[in-house]
2 protein chains.
Amino acid sequence: MDIYTQNGFRALADPTRRDILQRLAGGEHTIAQLTEHFDMTRAAVKKHLTVLSDGGLITTRVSGRERFNALDPNGFAPLRDWISFFDQFWGNQLTNLNDIIENNDQKGPLQ
Amino acid sequence: MDIYTQNGFRALADPTRRDILQRLAGGEHTIAQLTEHFDMTRAAVKKHLTVLSDGGLITTRVSGRERFNALDPNGFAPLRDWISFFDQFWGNQLTNLNDIIENNDQKGPLQ
DNA sequence: TCGATTTGACACCTTTTGGTATCACGTTAA
DNA sequence: TTAACGTGATACCAAAAGGTGTCAAATCGA
């Protein structure tokens, strides 16, 4: 049914794509900038960006011959909510997202 | 680094495996019981269960010749938290997980 | 005891995925 | 104007993923 959620979870399944998302959390990047940090070609990074875009996790802003990629809020919420549904099945302490964010050390989630 | 998180996200990338998780939310199932609901062989379902187990999303209780599969809380929290990290990058209203659960209609997240 | 049941483990096949190499196209700057 | 730059797109390849069929082993029930 929800192909958007499917694409979103598929996008998160690859460690390179999760790494890209964390780098975009520090601000928008072009493909060339992202490629510097990976041991693969620009074409491979471009493919990962396409998958991330299909999942609604990033957007692209075009400026001249450059394309700046940035995080897109739209794709994240459905994925987080899908997982959060299962929290009701274990009676543990329920996490408040505000607490997660307030206690965050700004370095990003551990990869 | 965190192969556990990697396996978890990989497990969620397949729609059959997400369907299995939602069925297990209704209680533990054997492989044979799960297979009734899918258009694939028991061996295929078994493979999906192995992936879910590798991701720490399910556990198995053995009783005689039967093996009952059930949800495992351990694997879910790291995945939810990983995604929740990004919530700080859009200033929208932060969702309180308690609200999500209280408003849930008990039918499970839309697939 | 012995057949039916439930499962795990392989070998095997096809499709998808992650990667490279290469070329074409628009943009920039000298 | 023209060469360098940044990118999209495509063909191609190896490996991983999702599936089937089959067989052996353990357990249950008559």
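Each chain gets a letter, A, B and so on, in the order its sequence line appears, and its residues count up from 1.
- The residue among A/M40 and A/E66 whose nearest nucleotide of DNA chain C is located toward the 5' end is A/M40.
- For the side chain to side chain contact (heavy atoms under 4.5 Å, CB included) test, residues two or more places apart in sequence or in another chain that qualify with B/A43 are B/T41.
- Put simply, CG on B/L52 and OG1 on B/T59 are 11.5 Å apart, with the number rounded to the nearest 0.5 Å.
- Among residue pairs with one or both ends in residues 36-80 of chain A, those qualifying as ring pair (Phe, Tyr, Trp, His ring centres under 6.0 Å) are A/F76-B/F86, A/F76-B/W90; sequence neighbours excluded.
- Heavy-atom distances under 4.0 Å link DNA chain C to A/A43, A/A44, A/K47, A/H48 of residues 42-56 of chain A, given in residue order.
- Using a 4.5 Å cut-off on side-chain heavy atoms (C-beta onward), B/R17 and B/V51 make contact.
- Taking atom CG of residue B/L34 and atom P of nucleotide C/dG8, one finds them 12 Å apart after rounding to whole Å.
- A straight line from CG of A/N7 to P of C/dT16 spans 14 Å, rounded to a whole angstrom.
- We find that CD of A/E28 is positioned 12 Å from P of D/dT7, with the value rounded to whole Å.
- Pairs engaging residues 24-50 of chain A under the salt bridge (charged side-chain N to carboxylate O under 4.0 Å, His left out) rule: A/E28-A/R61 [sequence neighbours left out].
- OP1 or OP2 of D/dT20 sits under 4.0 Å from a side-chain N or O of B/T41.
- Atom CG of A/L57 sits about 7.5 Å away from atom CG of A/D72, to the nearest 0.5 Å.
- The CD-P distance, from A/Q33 to D/dC5, rounds to 16 Å in whole Å.
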Atom pairs under 3.5 Å: protein N/O with N/O of nucleotides 27-30 of chain D:
{"unit_1": "D/dT27", "atom_1": "O2", "unit_2": "B/R65", "atom_2": "NH1", "d": "3.0"}

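- Distance CG (A/L12) to P (C/dG18): 12 Å, rounded to an integer number of Å.
- Taking for each of A/R67 and B/D39 the nucleotide of DNA chain D with the nearest heavy atom, the 5'-most of the two is the partner of A/R67.
- In this structure, the CG atom of B/D19 is 15 Å from the P atom of D/dG18, given to the nearest Å.
- A donor-acceptor pair is defined here as one N or O able to donate and one able to accept, closer than 3.5 Å; such a pair exists between the side chain of A/Q33 and the backbone of A/T30.
- Applying the salt bridge (charged side-chain N to carboxylate O under 4.0 Å, His left out) rule to pairs touching residues 48-58 of chain B yields nothing, sequence neighbours excluded.
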Stepwise side chain to side chain donor-acceptor pair (under 3.5 Å) check, B/Q6 with A/R18: CA-CA 10 Å; B/Q6 166 58 31; A/R18 291 199 303 279; 2.8 Å; yes

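- With C/dA21, D/dT7, D/dT20 as the candidates, the nucleotide lying closest to the side chain of A/A32 is D/dT7.
- Across the protein-nucleic acid pair, A/Q6 atom CD and C/dT16 atom C1' stand 12 Å apart, rounded to whole Å.
- Remark: P of D/dA15 and CG of A/D14 are 17 Å apart, rounded to the nearest angstrom.
- The side chain of B/T16 places no N or O atom within less than 4.0 Å of a non-bridging phosphate oxygen (OP1 or OP2) of D/dG18.
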